[in-house]
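Below is one structure, written out as structure tokens; the observations come after it.
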Amino acid sequence: MTMTVKFTRVSKVMAIMVLGAVWSWSSSSSGGMGMVMAQEDDDDIICSAANYNWTVVGGAASAWRPGDDIPDVHIVMQVTDPIGEYAKYSVAVASLWAQTHDFTMAVHSQLPEGTPEHPTPEGMDHRFGKVALMKEYMEDVHGGSCPAEWLLWLDADVLMTIEYDWTRPLIETYPDSHMIGSRDIGGEGVMNSGVMLVKCSEWSSLFLEHWWTHPLATAGKPDQLALGELIDLPENSEYITVLSGEAINTAPFWWHSFVPGVSPVLHLINQPKETRRAVGSALLSKLCTAPGADSMDEFEEDGSGSEYMTVNWNWSWEWLATEYVTSLETVTGAFGTTEDKEAVIQASKASEFLASYFSEQNPPQHDKALRVLDTSLRYTEKHELGGTALLMARVAETLTALGRYEQADGLFNAAQNQYQHQLKTGLTGPEGTPALYQIIKGRAGAAVANKKGELALELYHTALAGQEKYYGKEHVAVAVTVDEIGTVFATYGQHAKAAEYFVRAATINDEKLGLHDPTSIVVRCHLAVAYLRSGNPAGDDVLAHAVAETVKHGSPHLARKVSGRLSALATSFENAGGEENSFKALYVHSLVTEVIEAGFGKVSAEFATAVGNMATTLVGGDKVRDALLLFESALEVDREVYGEEDLAVATDHFNIGYVQSKLGMFTEAAESFENSAAIRAAKLPMGEAAEEVVQARSRAAKARKAGGAASKMEL
């Protein structure tokens, strides 16, 4: 769907309505931003030409005034000078989305007691601004001063990503709730306050007051810690809904949870400012480029001479990964080029995100990740920035992935000793004691990879004991470690023992996160596999639930995790042999294809691989003709994904030739093997001399010979 909105040029100004007045940020040559007043414009202004600043005024951004119809939702944001260079894009995108649904919006600067650099009162965490601003809206809810039925808070690093109004279904699904948000992925299981729906009500007014005056607030702690304690109070539970982490939010490593075209927002948590600016700018550019136009500079003119821009929500997200990596590489370019300590700190932060992104690609790029982290560690130590113990642990994790286990263990040990010393001296930073347990668990993971199971269990239990003491026994962080211990037992074939740990982890997650949370789903998948491998029939129902929930989520990251576990289960059935186990393997493969289709779609390399794996199992079970149909389907998909001349396509041709030979289709088999050989000769470094090429040519010759012999026999 597209919509056309009126455009008016405003040179060098981005104006935003703030409670009835229009504030304007004027860009100076130095890049700073000063606050000036501007006149309100009656036009709806969304997009401007590339050489102008983005302008957000008019109906979409104006505050509600008495006498107007009260809208369903009023968006509230807070932006001050230090974050203006990236926040202007998230504000513009939010305004576009608000106008689409006739919602109102207000963007606030610092609180009266704050400054642009620290928008809240001295001694209070800067993220508490949202609490004060929403509280002000609610101070006289019975008098009708609240601008809408619901407030939608958006942090300045949140980008709206779909046109659809996702707030109304949530409000209707949870009619008794007065606060709706997503679990903080990677945090401690509390709500992430970056995206929240808060109902204008007496309860909300009192809750916000308790949040603002909470002892943790006045002690300078983050807003989410106080929010977590309030959520845990029994008297608040019936009014608050904590959704799964990806429902209306994303993980700090956004590719774990962001589904293009499905996820309502992209929350760039903890990302460098340059990354937020680059991604926000690119997104707004996409929205403000008309379908078929090459750039956002193309305008339509009406008869009066006014200019219009078509706002477009329908485009591919393929640009996101490139924009993200490029922005991080720009930030890490500070290493070795500047002595500015803040720039080096930002570069170190960027390097961790960049390394994680490289490591989690398919296939993983661990060598790239190691180079990034090594550079970061070297310059972090040079500039004496602190935090080197945690960075050493990240390097050790990457060494483990590369199979350099002894080197990894030594680095983990050094990181653990250094961090324990920092704990004693109080120099650990905000990570505190829990980070020590992460280092110990990292070392345990390296021990598992190095086939030192006893050492791994010892280290995991050490970490578990510390976490239980720190968090209590029913915490989600404890559940993660319990699940990891279960995985060690499963690795060594002790599936019944593994199931005991998976049951405990699943019980904690189901209680704390809910049955529909991705973390809960993955652990239940582990439990299902352990049950089935140990002969426990309860595994069937647990597996069915895990698959159904995975399909419902449609997340590529979750689909990859679950399908990996299921593929391993299918392989175990195949290796066990026998007709019954072959049937079980085929059933599990069918579940894999279902999960992959939901996460990646049918036209994807992942789907082709899943179909090919099922075909291979059919060949092993002498269901060759069925296998041929699946291998041909895999070929069709790979051709569409990669084109005709890719090595994946060559593998498909080879597999098809093999099956055709078994079916006596020797002429067709020879052609398939030759197609495979031709692609491999062109793509592989050794050309015709490559082993794979020689093998395919040999198979083709044998097929031709067998075909000739068969023809003579017929004669």
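As the structure is a computational prediction, the values presented were derived from the model and not from experiment.
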Are [X] and [Y] ion-paired here, with the side-chain N under 4.0 Å from a carboxylate O?
X: D510; Y: R524; answer: yes
X: K135; Y: E209; answer: yes
X: D155; Y: K130; answer: yes
X: D517; Y: R183; answer: yes

Any luck finding a side-chain donor-acceptor pair between [X] and [Y] under 3.5 Å?
X: S356; Y: S359; value: no
X: E484; Y: Y501; value: no
X: D165; Y: H101; value: no
X: H74; Y: T104; value: yes
X: H475; Y: Q467; value: no

Discussion item. I'd like to know whether the aromatic ring centres of F253 and H256 sit less than 6.0 Å apart in this structure.
Written reply: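 Ring-ring flag for F253/H256: true, centres closer than 6.0 Å.
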Discussion item. Given the ring of Y86, does R276 sit roughly above its face, with NZ or CZ under 6.0 Å from the centre of the six-membered ring and within 45° of the axis?
Written reply: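 Here R276 passes the 6.0 Å and 45° test against Y86.
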Worksheet item: Are there more than 12 heavy atoms of other residues, nucleotides or ligands under 6.0 Å from atom CD of E122?
Response: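 No - once you tally the heavy atoms of other residues, nucleotides and ligands closer than 6.0 Å, there are 12 at most.
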